[in-house]
Amino acid sequence: MRTTRLPYVTFHEEPAEAEVVSHRLMLRGGYVKKVAGGLYDFLPLGARVLRRIESIIREEMDRAGAFEVLMPALQPAELWQATDRWDKYGKELFRIQDRHDRSFALGPTHEEVVTDLARGLLRSYRQLPVTLYQIQTKFRDEMRPRFGLMRGREFVMKDAYSFARSGEEGAACYREMQEAYFRIFSRLGLAVRMVEADTGMIGGSSSHEFMVLAPSGEDTVVFCPSCSWASNIELAGEATHCPLCQERLERTTAIEVGHVFDLGQRYSQPMEAGFLDPDGRETLFHMGCYGIGVSRLLAAAIEQSHDDGGIIWPLAMAPWAICVLPLAGKDQEMTAKGERIAAIIEERFPGEVLIDDREARPGVKFADADLCGFPLQVILGERNLREDRVELKVRKTGERHLLPVSGLPEWIGDFLGRPGSMVDTLILDR
RNA sequence: CGGGGCGUGGCGCAGCCUGGUAGCGCACUCCCUUGGGGUGGGAGUGGUCGAAGGUUCAAAUCCUUUCGCCCCGACCA
């Protein structure tokens, strides 16, 4: 892709209405544009990141044996009334009426809808257990949307729901999703910590949150520095020492990017959702639900990985992994050479190469490439190119390598595969 | 919802106190210049000042109402 064909603008100046660094950098880098409070356009750059996150989530959910579905965002009030949440969910639930004055909710979550789906679809114990998931826009009338994508009124979420024959089987589903979540966050290059959490409005018997540790996080987690115990602040209460090993607890701020719940029969019971067991008896589903804040992940990743120059995307999230910067100005020949080199790299890494073919000064290209956070920059300067060499800069570390043009794709391939170099797979705890 | 702040070209701001009919920087278009970390110069495009009402010969500026946005708090998959 050529930057001259890419509809994006970067900004040198700080947007006045953005507080947190992820929000500022996404606005400055041309990733998102605000439409209204808590509502954003995803521009081409931002949409690509979103797609990359989604595809990794899909792969890992599928690998875990879950099935993708798509449920309506618009949900009839009757379903919510059946579980009493039409009254209990409160003002955060967007409610609208159709032309016949029938009431609907714009879904902030899908327990009711999916339970309604399952009770028709899953009639026999032979079909169980099953986990269904979707990636979809959710709506919440937040009392105070803020921090850009961190807390919007509309956002993209992956939500999954498991249906099991028993509590034991449900617990197995729950563990399987936990494992899938660790794989997802690991592949995304995020350092996450799983903590015990409150079940809140969703209900159920147990719950864990997946937290990205970041100074700007809205949540606080309490953790033990020497063993694996961790909890969110609500649940930890006044505790000062680890319940497992008595070590003095520490705390840090974090961003909640995932949350899993063991729901038990919280929804299957009021909605009378069940199946026939081997003895022909109607039995209620044991359910679990599992969410990942997909759009929030962009913000969380940036909060965790940036510097004064801008965003530092983990390899898996970057809109393009490689940005080719011909420092050509009006030199048509150099631009053409740059495009040939970009094409060679593209052959080995399809869809991963962006070439900055603008007629801009080197400083502008460097600044924009850093701001947008492309993991690798292939810099084509006149002197080096004369000797058939290019410079490769690693955004994250700042290290630079001078390489012969001939072996470039192979070198990049080796480099990207080098453990620990680009993909930060740090998992602090499980 | 309570407290505070702010709404002036796409973005960042000045002008408002002391009314006289809109200005600067960035971006954008064109020309010249420069060419390894946001080069320098020149010429342009674009706003009626969040909205409504009022005061006045005259309102971005004063008054009233209203809408929106941001921050803090309560709250929260």
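Below, chains carry the letters A, B, ... as their sequence lines are ordered, and counting in each starts from 1.
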Is the closest side-chain donor-acceptor distance between A:T109 and A:E111 under 3.5 Å? yes
Side chain of A:E13 (C-beta onward), nearest among B:G38, B:C11, B:G36: B:C11
Quick one: does A:R296's side chain have a donor or acceptor within less than 3.5 Å of a partner on A:I255's backbone? no
Using only modelled atom types and a 3.5 angstrom limit, is any donor from either the side chain of A:E382 or the base of B:G36 paired with an acceptor on the other? no
Can you check the A:R386 CZ to B:G36 C1' distance for me, whole Å? 13 Å
Expressed as a whole number of Å, how far does the P atom of B:A52 sit from that of B:C67? 15 Å
C1' atom, B:A58 versus B:U66: distance in rounded Å? 25 Å
Send over the distance from A:E391 CD to B:G36 C1', rounded to a whole Å. 8 Å
Do A:I302 and A:W313 have side-chain heavy atoms sitting under 4.5 Å apart? yes
Pairwise C1' distance, B:G15 and B:U29 [rounded to whole Å]: 28 Å
Would you say A:R361 reaches B:U39's phosphate, i.e. side-chain N/O to OP1/OP2 under 4.0 Å? yes
For A:L93 and B:C75, give me the distance from atom CG to atom C1', rounded to whole Å. 16 Å
P atoms of B:C28 and B:G20, separation to the nearest Å: 34 Å
Between A:E60 and A:R63, does any NZ, NE, NH1 or NH2 come within less than 4.0 Å of an OD or OE carboxylate oxygen? yes
The side chain of A:N384 is closest to which nucleotide in this list: B:G38, B:G36, B:C71? B:G36
Could you let me know what B:G25 is paired to, Watson-Crick or G-U wobble, both distances under 3.5 Å, or none if it's on its own? B:C11
Pick base, sugar-phosphate or nothing for A:D159, based on heavy-atom distances below 4.0 Å to the nucleic acid. nothing
Does the base of B:C76 carry an N or O that pairs as donor and acceptor with the side chain of A:R151 under 3.5 Å? yes
Parallel, tilted or perpendicular: ring planes of A:F210 versus A:F185, cut at 30 and 60 degrees: tilted
C1' spacing across the pair B:C13 / B:U65, given as an integer number of angstrom: 28 Å
Given B:G36, B:G38, B:C71, identify the nucleotide with an atom nearest to the side chain of A:V364. B:G38
Identified pairing partner of B:G36, criterion: Watson-Crick or G-U wobble below 3.5 Å: none
5' precedence on RNA chain B between A:T109 and A:P362 (nearest-nucleotide basis): A:P362
May I ask you to say what A:R383 touches in the nucleic acid, namely base, sugar-phosphate or nothing, with a heavy-atom cut-off under 4.0 Å? nothing
Mind checking A:E209 for me? I need base, sugar-phosphate or nothing, with any heavy atom below 4.0 Å counting as a touch. nothing
In the strands shown, is B:U48 matched to any nucleotide by a Watson-Crick or G-U wobble pair with both distances under 3.5 Å, and which? none
How long is the line joining CE of A:M143 and P of B:C76, in whole Å? 8 Å
Distance between the P atoms of B:A59 and B:G12, in whole angstroms? 29 Å
A:D356 atom CG is separated from B:G38 atom P, nearest whole Å, by 15 Å
Would you say the ring centers of A:H286 and A:Y174 fall short of 6.0 Å from each other? no
Once you round it to whole Å, what is the distance between P of B:C11 and CD of A:E17? 9 Å
Under a 3.5 Å cut-off for both contacts, is B:A60 paired Watson-Crick or G-U wobble with anything, and if yes, with which nucleotide? none
Using a heavy-atom cut-off of 4.0 Å across all strands, would you classify A:K393 as base, sugar-phosphate, or nothing? base
Using heavy-atom distances to pick each residue's nearest nucleotide on RNA chain B, tell me which of A:H259 and A:V9 is more 5'. A:V9
Whole-angstrom distance between B:A43 and B:G23, as gauged at atom P: 16 Å
Describe the nucleic acid contact of A:A16 in one word from base, sugar-phosphate, nothing, applying a heavy-atom distance below 4.0 Å. sugar-phosphate
Span that lies between the C1' atom of B:U45 and that of B:G5, in whole angstrom: 34 Å
NA contact type, A:K365, heavy-atom cut-off 4.0 Å: base, sugar-phosphate, or nothing? nothing
Any strand: nucleotide that pairs with B:G2 via Watson-Crick or wobble, under 3.5 Å: B:C72
Rounding to a whole Å, what distance do you find between A:D41:CG and B:G10:P? 15 Å
Measure distances between side-chain N and O atoms of A:R28 and base N and O atoms of B:G10, and say whether any donor-acceptor pair falls under 3.5 Å. no
Across the strands shown, which category fits A:I379 at heavy-atom distances under 4.0 angstrom: base, sugar-phosphate, nothing? base
Which part of the nucleic acid, if any, lies within contact of A:G37, taking any heavy atom under 4.0 Å across all strands shown: a base, the sugar-phosphate backbone alone, or nothing? sugar-phosphate
Separation of B:G36 atom C1' from A:M334 atom CE, nearest Å, is 10 Å
What is the ring orientation for A:W411 with A:H401, classed by angle as parallel under 30°, tilted 30 to 60°, or perpendicular over 60°? tilted
A:D331 (side chain) and B:G35 (base): donor-acceptor pair under 3.5 Å: no
Taking the side chain as C-beta and beyond, is there a heavy-atom pair between A:V378 and A:V353 under 4.5 Å? no
Given the structure, check if the side chain of A:E14 and the base of B:G12 hold any donor-acceptor pair shorter than 3.5 Å. no
